[in-house]
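Everything below concerns the one structure shown next.
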Amino acid sequence: MAESTQPTIAEQAQDVASKLATTVAETLNFGDKVKDDIRSDLPVLYIDEKAGSDSTGSGAELSPFATPLTAYQSIKPSTESDPNPSSVATFLVRKADSVERNEWVEISASAKKKLVKSIGGWRKSEAKLAAEGDRLAKEKAAQEEKEKKRREEAKSIILVDDPSKESKKTKIYAVPELVGTRVRIQGWVHRFRPQKTNYFIVVRDGTAMLQCILTGDAIKTIDALDLTTESTVELVGTIEKVKEGQTAPGGVELMVDYWKIIGKAPGGSEAFEGRLSVDTDASIRADLRHLELRGETATSVMRVRALLLRAFRDSFYKRKITEVTPPCMVQTSVEGGSTLFEFDYYGAPAYLTQSSQLYLETVLPSLGDVYCIQESFRAEKSLTRRHLSEYTHLEAELVFIQFKDLLDHLEDMICEVVDTLLADPVSAEIIKTLNPEFTPPSRPFMRMDYRDAIKYLSEHGIKKEDGEDHVVGDDIAEAAERKMTDQINRPIMLIHFPKLLKAFYMQPLGEAPDFTESVDVLMPNVGEVVGGSMRITDYDTLMAAYKREGIPSDPYYWFTDQRKYGTTEHGGYGLGVERFLAWLLNRWTVRECSLYPRWMGRATP
Ligand code: 4AD
């Protein structure tokens with residue numbers, strides 16, 4: 001590669017200086033005085049107030065500075081330099097309006113005077129900055145020294161876990177019953193407040209929280225200096241009731257006499273508190289779902305979720321409805337092909353289940369009424385706040401019932417489960433905190449025929465997405481459904497949907513066979529939380545339904561057989577657990593109600 005022929009700045013300066021000392025004066029039209037004044041041992045710096053630049057200029061003739069001060073600073077003069085700038089460099093200023101003629105003259109006496117003044121100001125501020133830097137460095141060093149000493153001293157303070165002193169290992173939920181007992185607990189530091197003589201640490205172990213108080217040597221150990229939130233700790237001490245007028249979780253606190261860090265969480269830039277805040281972007285929150293789940297709101301939602309599933313199970317159990325666990329890998333669709341997740345099953349196509357309904361129907365003859373709580377999968381192509389790709393589907397199937405029985409059962413179950421949750425102190429407290437306006441739904445639920453809903457939408461100016469009025473036969477889209485539900489502001493059982501809008505298996509309505517014995521339960525703020533129906537009982541009607549929907553009947557032989565071997569009236573429903581929770585806990589989106597939510601484009605963590 002050819003070497004650069006471009007001279008360096010120093011070479012340029014040198015060159016120009018020597019030329020100036022000999023012939024440059026004539027070449028550049030310098031007067032004799034300028035020529036005489038130029039000293040060949042000093043660098044020459046070019047300044048052009050208009051065409052030069054202090055940020056990009058180098059001081060060379062072809063790249064002048066804009067101001068004499070920057071030119072002066074560029075040679076990095078020592079603080080001891082002669083205050084006369086001409087003793088360290090030659091400052092050439094381009095004559096006004098002479099860019100084309102390129103006429104340079106030495107800096108004028110008045111400009112030089114101004115330069116001397118600004119050098120003075122600059123030196124002063126430099127000195128000030130240096131002094132400030134010095135002070136800060138000294139302070140930092142002193143702090144480090146102090147910290148080092150503290151750590152040295154802390155190393156010599158060892159708390160002893162005295163084996164001769166008894167302690168009862170316990171989970172935190174049990175400590176309110178253990179006042180006066182010496183207990184041993186383990187958990188995560190939820191938050192802590194170090195004070196001069198006390199540390200207040202709130203520890204969480206997944207069952208409850210406990211305020212722990214550390215004093216004396218307990219706050220002087222290395223562990224006390226290293227403590228960070230989300231570290232795991234073990235603490236031993238005596239449970240005491242909180243003092244009059246003070247509050248703490250469970251009304252008790254732990255007076256710690258021995259403790260240690262089990263696993264230290266990072267501090268500084270990696271500290272837990274810095275990773276998530278209310279302002280954190282939604283996609284980062286989703287990436288950090290594993291950390292978000294440690295937060296109080298997410299924990300509360302998950303706790304109610306567990307209690308909700310238990311309440312449903314209790315209510316089913318009470319009614320002698322048996323739990324079954326159908327498969328998730330299937331080869332038939334339930335709710336239409338457009339939301340099926342397909343995968344390769346040993347070389348044959350298979351799907352993730354959309355609903356366990358068909359399997360539930362098959363065990364009615366053996367187990368009677370059945371239910372399941374199973375994941376369902378929908379390849380939803382839209383990103384709404386109530387759609388997930390995987391959700392927890394609570395489905396029940398009841399035999400020898402009529403449509404009214406199905407509606408009554410649904411109403412009973414929903415009201416009973418809400419009552420159970422409001423009677424449980426843990427869920428009641430969480431519902432009160434997250435949804436203070438919540439009132440249990442009053443019975444009977446409003447039952448609204450689909451055709452009356454269409455009328456309601458038209459009368460209340462709730463239009464379709466294309467701006468037109470709804471007419472009988474139209475699907476009621478999510479936005480319209482929610483608008484109507486929010487206006488009515490109480491649970492609605494929307495019944496008798498048109499056959500063509502619903503799945504193939506729904507029982508036609510006796511007096512109007514173009515409609516079905518179907519129900520959607522709509523809740524304010526969420527919309528549909530339950531979808532259910534009576535099922536076709538007659539073999540021929542089912543075969544005709546497959547045909548109408550273009551579904552090949554062969555893969556459904558096991559489902560069809562129900563109509564062959566002792567058919568009977570039956571019906572059932574599916575309840576979206578995350579939607580039910582979103583309604584109960586007033587969450588903005590079902591995503592908050594799933595442990596690790598999946599939606600279009602998101603299957604991590
Ligand atoms: O109305 P769907 O599609 O009904 C069925 O699947 C029936 N086979 C159920 C049955 O009768 N056994 O779904 C039932 C409920 C909806 O009301 C809704 O609460 C929930 O499942 N759901 C969803 N929840 C979250 N994300 C989705 N993508 C959902 N799709 C349905």
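Whatever order the structure lists them in is the order used to number ligands and atoms, beginning at 1.
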contact_flag Tyr505 ligand 1 heavy-atom lt 4.0 Å: yes

Residue, atom name and distance, where the atom is the protein heavy atom closest to atom 19 (O) of ligand 1: Val529 O, 2.8 Å

Identity of the nearest option to atom 11 (O) of ligand 1, non-hydrogen atoms only, from Glu395, Arg535, Glu335: Arg535

Minimum-distance protein heavy atom relative to atom 2 (P) of ligand 1: Arg378 NH2, 3.9 Å

Atoms in ligand 1 flagged as close to Val530, the criterion being non-hydrogen separation under 4.0 Å: 17 (O)

Residues Glu342 and Tyr351: side-chain donor-acceptor under 3.5 angstrom: no

Mutual orientation of the aromatic rings belonging to His409 and Phe316 [parallel < 30°, tilted 30-60°, perpendicular > 60°]: parallel

Atom 31 (C) of ligand 1 - nearest protein heavy atom and its distance: Tyr391 OH, 3.3 Å

4.0 Å heavy-atom contact, Arg386 with ligand 1: yes

Glu578 to ligand 1, any heavy atom closer than 4.0 Å: no

Nearest option to atom 24 (N) of ligand 1, as decided by whichever heavy atom of Arg598, Arg579, Glu390 sits closest: Arg579

Distance-only donor-acceptor check, side chains Gln562 and Thr567, under 3.5 Å: no

NZ or CZ of Arg563 within 45° of Tyr565 ring axis and under 6.0 Å: no

Identity and separation of the nearest protein heavy atom to atom 16 (C) of ligand 1: Glu528 OE2, 3.2 Å

Residue pair Tyr556, Tyr546: steps toward the ring pair (Phe, Tyr, Trp, His ring centres under 6.0 Å) verdict: CA-CA 10 Å; Tyr556 290 82; Tyr546 288 136; 5.4 Å; yes

Within 45° cone and under 6.0 Å: Arg490 NZ/CZ vs Phe445 ring: no

